[in-house]
Amino acid sequence: MVYIVTRRKSKPLFATFVLTFSVLMKKILITGAAGFLGSHLCDRFIKEGYYVIGLDNLLTGSKDNIAHLFKEPNFEFIYYDVTKFVHVPGELDYILHFASPASPIDYLKMPIHTLKVGSLGTHHLLGLAKDKGSRILIASTSEVYGDPLVHPQTEDYWGNVNPVGPRGVYDEAKRFQEAITMAYHTAHDVEIRIVRIFNTYGPRMRVEDGRALPAFMSQALRGIPLTVFGDGSQTRSFCYVDDLIEGIFRLLHSDYSQPVNIGNPAEITIRQLAEEIIALVGNPEVTLSFKELPEDDPKVRKPDITLARKLLKWEPKVDRSEGLKRTLDYFKTVVK
Ligand code: UDP
């Protein structure tokens, strides 16, 4: 009884408080909110006291990644495809454009949608940013460097991309995305930030997304051979998701409009990664099964993060042994 009376009395006060607070709150739109990176960004910005509008068409994302946010008063979700005209009512301080199929098997399955989300989707969000006076940060990628001839990759390297190869739909969409974003900055004075994201891993990666790390973890947990493409001598450099999110958070709040690499420069071969995961899972009977190397698969990849270190005072903190442990804890809960 007392509880009910107290609740009734305090409700208008609470509502006023929420209203006042939400007017003062910075408002951010995050596309791809139900994806791996998008969902971690939603968590971070909610934790920092932002009002977050998460937008996703759930093509590759999952509501499971953001289910815990539905109880938050400063979170709302919009089911939407950014390749269509985007409208969000009211003021908007920031936009983070993270919607896109992002694993090689996803963009091979959805080549046209991948091109559309990077081109038409980015155009719509830049239009929205221009209209609202929002600062927009777009998720670019190390794929803009293609199969790189410069190693490690610095931001001033223009890349080595095959536009008509199987990866071209993603690489060229992201290169176009950078170009149109820069054009909105120079032609319309839109405040832009461009992050070039290198291989990132952590909880909420999709078990079946086909990328090396989730594939190896789920195979090792199931006790079946790990599918290493080629001879496994190709290299990648893996960044734990929390480090990446910190880098993006700092970049958004910086005053720098040119592209910035965010990634962990600790480079390993894919074979080494497979062996580390087998050792971590503790299943030494598991073997490697060598498969054909996909066309245009980059031979090396490692970010030069000199710029991020200097500009953002940022560098990765979570080393691979710790990051893989945390990721394995997650995969144990989702691998059947
Ligand atoms: N790879 C592999 N086995 C798999 C999936 C991927 O050996 O089951 C290889 C792939 O050919 C590439 C590297 O691992 O050389 C990283 O692939 P991923 O799809 O994770 O990301 P990419 O960096 O190529 O976008």
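Reckoned from all heavy atoms, side chains included, excluding hydrogens, waters and symmetry mates. For ligands, and for the atoms within them, numbers begin at 1 and follow the listed sequence.
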For Val161 and Pro163 the tightest heavy-atom approach is O-CD, 3.2 Å
- Message: Under 3.5 Å between any N/O of Pro294 and any N/O of ligand 1: does that happen in this structure?
- Response: no
Should the ring pair Phe45 and Phe249 be called parallel, tilted or perpendicular, given that the plane angle runs from 0 to 90° and is split at 30 and 60?
tilted
protein heavy-atom neighbour closest to atom 14 (O) of ligand 1 works out as Ala212 CB, 3.4 Å
So for Thr227 against ligand 1, with non-hydrogen atoms under 4.0 Å, the contacting part is both
Exactly one of Asn261, Asn160, Asp171 clears side-chain hydrogen bond (donor to acceptor under 3.5 Å, both in side chains) with Tyr145, and that residue is Asn261
Worksheet item: Looking at Asp43 and Arg204, does any basic side-chain N land under 4.0 Å from a carboxylate oxygen?
Response: yes
Looking at Arg167, Met205, Arg211, the heavy atom closest to atom 22 (P) of ligand 1 belongs to Arg167
Quick note on ligand 1: atoms under 4.0 Å from a heavy atom of Ile270 include exactly 7 (O), 13 (C), 14 (O)
Separation between CG (Leu280) and CG (Leu221), nearest 0.5 Å, reads 9.0 Å
Output yes when Asp297 and Arg236 qualify as a salt bridge under the 4.0 Å nitrogen-oxygen rule, no when they do not. yes
Q | Any Ser142 heavy atom less than 4.0 Å from ligand 1 | A | no
So the atoms of ligand 1 within less than 4.0 Å of a heavy atom of Val228 turn out to be 7 (O)
Quick note on ligand 1: atoms under 4.0 Å from a heavy atom of Asp297 include exactly 10 (C), 11 (O), 12 (C), 15 (O)
So for Asn199 against ligand 1, with non-hydrogen atoms under 4.0 Å, the contacting part is side chain
Atoms of ligand 1 under 4.0 Å from any heavy atom of Ala215, numbered from 1 in the order shown, are 8 (O)
So for Arg236 against ligand 1, with non-hydrogen atoms under 4.0 Å, the contacting part is side chain
Would you say Pro104 and ligand 1 have an N/O pair spaced under 3.5 Å apart?
no
* Strictly by modelled atom types, are Thr235 and Glu267 linked by a side-chain donor-acceptor pair under 3.5 Å? -> yes
Atom 1 (N) of ligand 1 sits nearest the protein heavy atom Phe229 CD1, 3.4 Å
N or O pair under 3.5 Å between Arg301 and ligand 1: yes
Here the atoms of ligand 1 under 4.0 Å from any heavy atom belonging to Gly210 are 5 (C)
Here the atoms of ligand 1 under 4.0 Å from any heavy atom belonging to Glu143 are 25 (O)
Note to self: Are more than 12 heavy atoms, taken from residues, nucleotides or ligands other than Asp329, located less than 6.0 Å from that residue's CG atom?
What the structure shows: yes
We want to know whether Arg167 and Asn162 form a side-chain donor-acceptor pair, criterion being a heavy-atom distance below 3.5 angstrom. no
For His113 and Tyr107, does a side-chain donor sit closer than 3.5 Å to a side-chain acceptor?
no
